[in-house]
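This report refers to the structure that appears directly beneath it.
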Amino acid sequence: MKVTLKDGSIIEAEKGTTALDIAGKLSQGLKKSALAAKIDGKIVSLSETIEKDCALEILVFDDDEGKYALRHTASHVLAQAVKRLFPEAKLAIGPAIENGFYYDFDVETPFTAEDLKALEKEMAKIIQENLPVTRTELAREDAKKLMAEKGEDYKVQLIDELPEGETISFYTQGEFTDLCAGPHVSSTGRVKNIKLLRSAGAYWKGNEKNKMLQRIYGTAFFKKDALLAYLENLREAEKRDHNKLGRELKYFTTVPEVGQGLPLIMPKGAKVMQIMQRFVEDEEERRGYQYTKTPLMAKSDLYKISGHWDHYKDGMFVLGDEEKDDEVLALRPMTCPFQFMIYKASHHSYRELPMKLAETSTLFRNEASGEMHGLIRVRQFTLSDAHIIATPEQVEDEFKDVLDLINYMMKATGLESDVTYRFSKWDPKKTEKYIDNPEAWEFSEALMKKILDDIELDYVEADGEAAFYGPKLDVQFKNVFGKEDTLFTIQMDFALAEHFDMYYVDANGDKQRPYIIHRASLGCYERTLAVLIEKYAGAMPLWLAPEQVRFLPITDRALETCKKWEEIFKKVGVRATVDSRSEKIGYKIREGRTERLPYMLIVGDKEVEDGNFAVWKRGKGDLGPQDAEGVLKSILQEIEDLVIF
RNA sequence: GCCAACGUGGCUCAGGGGUAGAGCAGCUGAUUCGUAAUCAGCAGGUCGUGGGUUCAAUUCCCACCGUUGGCUCCA
């Protein structure tokens with residue numbers, strides 16, 4: 001029997017040898033670090049026997065599949081520990097996920113921090129016991145019977161939902177058996193380094209109508225050092241949390257009297273937002289966008305036309321009572337219907353298209369209380385919003401132009417390497433969530449896919465993430481906790497032009513329906529600010545820094561010179577201040593460092609005399625004395641280089 | 001909205017059934033200093049809010065509000 005290895009070499013093996021045996025033949029080291037195998041492209045456990053010629057790859061922890069196998073087994077070890085300590089717990093599901101694993105349990109009382117510690121100890125024991133993990137297959141009825149006997153109602157339900165003809169497999173380690181497709185590592189001893197991170201509630205099958213189960217999150221690594229490094233990383237990342245750092249650095253605050261999800265943006269935060277807004281508005285006007293200013297609220301009539309009343313009412317702040325009042329108003333959750341009314345206020349020729357209407361738009365969404373998070377999920381936010389009304393022929397180019405604009409914004413803010421793209425599609429099963437027009441969905445999703453493939457964008461597809469009126473391309477960013485949020489979005493809309501009866505007159509004098517692209521360019525400013533704080537750990541890029549330069553006089557004798565230069569810097573547009581307090585220079589520098597100032601220019605008797613600044617630069621430290629005018633010029637140059645490229 | 005943890009001066013935190021403490025920040029004064037904290041003094045809290053238990057509650061119990069991590073939802 002011939003087995004082809006990853007490097008193309010072929011070795012002879014007897015029928016019935018296992019993947020692990022072959023790993024051992026190759027090297028003892030590989031045998032030790034092997035976690036799973038890939039046979040003819042299929043991921044399997046190492047205990048899998050090989051019966052015919054095949055291609056074999058031994059997977060280790062550095063391979064994603066190896067990682068998943070190890071962490072998947074770790075989740076079984078957790079479940080086994082839970083069963084030992086809490087025999088009444090019912091098992092739900094327990095997959096490996098990015099950076100770790102979780103397992104959902106149905107228990108009477110939620111797990112406490114002490115429970116997690118005890119479970120971790122028990123898991124260490126199970127790992128110590130080094131129980132072999134073995135696979136068995138059962139017929140559907142036998143599988144159901146086995147799980148029903150054990151009282152595992154959720155597993156019975158899972159078996160019922162498996163498609164006809166599917167192999168039903170179980171994995172057993174010691175006294176513990178779990179329904180599972182695998183693959184797993186060969187024994188519990190391979191799991192080695194585990195850490196339980198937290199417990200949290202989670203709905204069975206992710207549906208809020210179902211029972212809430214208790215989920216335990218954990219992680220596992222092959223090497224202890226890697227686990228420790230990962231935990232250290234988590235702690236480091238949390239220090240960058242915008243919700244902590246943004247408050248510490250006085251970018252924003254919240255007070256109970258104002259309310260949840262309603263942050264108060266402080267001068268530093270407002271300055272960064274203002275800089276971004278000016279940048280966005282200038283750039284968009286250059287690209288042919290026209291700015292509008294529309295009301296923050298409207299009668300319910302408007303939202304009824306757009307469909308928001310039917311699809312989005314729960315998310316809106318409604319002023320008044322539909323039963324009692326003649327007129328019911330609502331704060332706007334979106335800008336589109338308002339700008340559509342502007343479009344409709346006059347007749348349009350195809351010659352005027354594409355028409356690009358932009359607005360720096362404040363929106364209101366009544367998020368549920370548990371959903372608010374710092375500046376990332378709020379109830380009022382300001383979006384650099386726009387709607388492009390175009391002929392069908394123009395849609396493709398316009399879509400590409402929007403992507404180009406977004407790219408430019410991401411380069412300017414330095415976020416381009418931190419984002420991923422998500423092609424958000426509808427879900428035909430969720431009819432209540434989406435406009436019912438299957439052909440239009442199929443058509444617009446196909447069009448969008450063509451554009452994305454055309455420009456060779458690297459994206460993932462996500463079902464059920466579309467807007468109610470059409471598919472989207474979302475630009476996603478992960479926060480310090482690894483949670484993903486949308487930063488920018490481009491949405492294809494085939495429905496609202498119809499709802500609003502928008503049209504243009506074509507070359508033949510006939511009325512035609514335009515296409516509409518909804519898009520946000522620098523996302524919403526609150527969220528973008530949060531993302532920037534996290535990415536830069538509060539050290540804003542020079543062009544966005546609320547305070548770019550601070551002059552530090554060493555003695556009061558240098559104060560006049562500092563004030564004179566402050567005026568000059570301000571005149572040419574550099575945001576500069578003077579720290580005029582009678583404190584020691586070390587104290588002022590320490591404070592400037594904690595505030596992440598990009599530049600501190602220190603002026604003492606020597607500098608006054610020589611016309612120099614002693615330059616302190618963020619990330620570089622003391623650069624020594626430099627010619628004052630030269631410093632100003634180089635700072636101006638540096639700012640320009642960051643924005644124009 | 002659901003599951004859980006948490007809530008003590010502006011911030012970080014200690015304490016704990018007999019009405020509260022530290023450091024930083026603030027204020028006042030002194031110091032004029034060369035690259036991460038000068039010294040001294042002063043002031044600041046009805047311990048998130050409201051109920052209950054108790055002779056007595058900031059501490060124990062309940063509700064609400066808020067914060068945090070998940071779930072659901074979403075820019």
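Because the structure is predicted, anything quoted here is derived from the model rather than measured. Naming: A, B, ... by sequence-line order, numbering from 1 per chain.
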Checklist entry - Considering heavy-atom distances to RNA chain B, does A:K244 or A:D622 have its closest nucleotide positioned more toward the 5' end? => result A:K244
Checklist entry - According to a strict under-4.0 Å criterion, is A:S369 in side-chain N/O contact with OP1 or OP2 of B:G1? => result yes
Checklist entry - If you look at every strand shown and take non-hydrogen atoms under 4.0 Å, does A:E607 touch a base, only sugar-phosphate, or nothing? => result base
Checklist entry - Quick one: A:D556 CG to B:G34 P, roughly how many Å, whole number? => result 14 Å
Next on the checklist: Measure CZ/A:R581 against P/B:G29 and give the value in whole Å, please.
Outcome noted: 16 Å
Next on the checklist: What's A:G624 touching, base or sugar-phosphate or nothing? Going by heavy atoms closer than 4.0 Å.
Outcome noted: nothing
Next on the checklist: When the P atoms of B:C39 and B:C60 are compared, how many Å lie between them, rounded to an integer?
Outcome noted: 38 Å
What donor-acceptor contacts under 3.5 angstrom involve side-chain atoms of residues 194-204 of chain A, with partners at least two apart or in another chain?
none

Next on the checklist: Measure CD1/A:I585 against C1'/B:C33 and give the value in whole Å, please.
Outcome noted: 9 Å
Next on the checklist: For nucleotides 37-48 of chain B, give me one character per nucleotide, 5' to 3': B if any protein heavy atom sits under 4.0 Å from the base, S if the only such contacts are to the sugar-phosphate, - if neither.
Outcome noted: BB----------
Item to check | Under 4.0 Å protein heavy-atom contacts per nucleotide of nucleotides 70-75 of chain B, with B for base, S for backbone only and - for none | outcome: BBBBBB
Checklist entry - Taking the same atom, C1', in B:U54 and in B:U28, what whole-Å distance lies between them? => result 45 Å
Checklist entry - Do A:R527 and A:Y525 have a side chain donor and acceptor closer than 3.5 Å? => result no
Item to check | B:A30 and B:G23, which share atom name P, separated by this distance in whole Å | outcome: 24 Å
Checklist entry - What is the pairing partner of B:G17, taking Watson-Crick or G-U wobble pairs with both distances under 3.5 Å in any strand? => result none
Next on the checklist: In whole Å, I'd like the distance from the CZ atom of A:R235 to the P atom of B:G69.
Outcome noted: 18 Å
Checklist entry - Among all residues two or more places apart in sequence or in another chain, which pass the side-chain hydrogen bond (donor to acceptor under 3.5 Å, both in side chains) test with A:Q277? => result A:E281
Item to check | side chain to side chain contact (heavy atoms under 4.5 Å, CB included) partners for A:D427, two or more places apart | outcome: A:K429, A:K430, A:Y434
Checklist entry - Residues in side-chain hydrogen bond (donor to acceptor under 3.5 Å, both in side chains) with A:K606, at least two apart? => result none
Checklist entry - When you measure from every atom of RNA chain B, which of residues 113-123 of chain A have a heavy atom less than 4.0 Å away? => result none
Next on the checklist: What contact category does A:K606 fall into here, base, sugar-phosphate, or nothing, at under 4.0 angstrom with non-hydrogen atoms?
Outcome noted: base
Checklist entry - Can any side-chain N or O of A:T555 pair as donor or acceptor with the backbone N or O of A:R557 at less than 3.5 Å? => result yes
Checklist entry - Atom CE of A:M372 and atom P of B:C2: how far apart are they, to the nearest Å? => result 13 Å
Item to check | G-U wobble or Watson-Crick pairing nucleotide for B:A4 (cut-off 3.5 Å, both distances) | outcome: B:U68
Next on the checklist: If you compare all heavy atoms of A:S521 against all heavy atoms of A:V280, which two are closest, and at what distance to 0.1 Å?
Outcome noted: OG-CG1, 3.4 Å
Checklist entry - Between B:U67 and A:Q260, is there an OP1 or OP2 to side-chain N/O distance shorter than 4.0 Å? => result yes
Checklist entry - Between B:C11 and B:G45, how far is it from one P atom to the other, in whole Å? => result 14 Å
Checklist outcome for this item: Quick note, ring pair (Phe, Tyr, Trp, His ring centres under 6.0 Å) partners involving residues 586-607 of chain A, not counting sequence neighbours, are none
Next on the checklist: Give me the distance, rounded to whole Å, that separates B:G50 from B:C65 when you measure between the P atoms they each carry.
Outcome noted: 15 Å
Checklist entry - Think A:Q214 has a side-chain N or O under 4.0 angstrom from the OP1 or OP2 of B:C3? => result no
Checklist outcome for this item: Residue set satisfying salt bridge (Lys or Arg N to Asp or Glu O under 4.0 Å) with A:E238, at least two apart, ordered chain then number -> none
Item to check | Atom C1', compared across B:A25 and B:G18: separation rounded to whole Å | outcome: 33 Å
Next on the checklist: Could you tell me how far B:U46 sits from B:U58 if I compare only their P atoms? Round to whole Å.
Outcome noted: 12 Å
Checklist outcome for this item: Whole-Å distance, A:K250 NZ to B:A25 P, equals 12 Å
Next on the checklist: If you take the centroid of each ring, where Trp contributes its six-membered ring, are A:F494 and A:W441 closer together than 6.0 Å?
Outcome noted: yes
Item to check | Separation of the P atoms in B:U19 and B:C47, to the nearest angstrom | outcome: 13 Å
Checklist entry - Do A:K83 and A:F86 meet the cation-pi criteria used here (NZ or CZ under 6.0 Å from the six-membered ring centre, within 45° of the axis)? => result no
Checklist entry - To the nearest angstrom, how far is A:D579 atom CG from B:G34 atom P? => result 16 Å
Checklist entry - Using purine N1 to pyrimidine N3 plus N6-O4 or O6-N4 for Watson-Crick, or N1-O2 and O6-N3 for G-U wobble, each under 3.5 Å, what pairs with B:C42? => result B:G26
Item to check | Residues in side-chain hydrogen bond (donor to acceptor under 3.5 Å, both in side chains) contact with A:K535, at least two apart in sequence or another chain | outcome: A:D418
Item to check | Results of side chain to side chain contact (heavy atoms under 4.5 Å, CB included) for A:N233 - residues two or more places apart only | outcome: none
Next on the checklist: My understanding is that only residues two or more places apart in sequence, or in another chain, count here; which of them pass salt bridge (Lys or Arg N to Asp or Glu O under 4.0 Å) with A:R287?
Outcome noted: A:E283, A:D401, A:D404
Next on the checklist: Any strand counts, and the cut-off is 3.5 Å on both contacts for Watson-Crick or G-U wobble. Which nucleotide pairs with B:U53?
Outcome noted: none
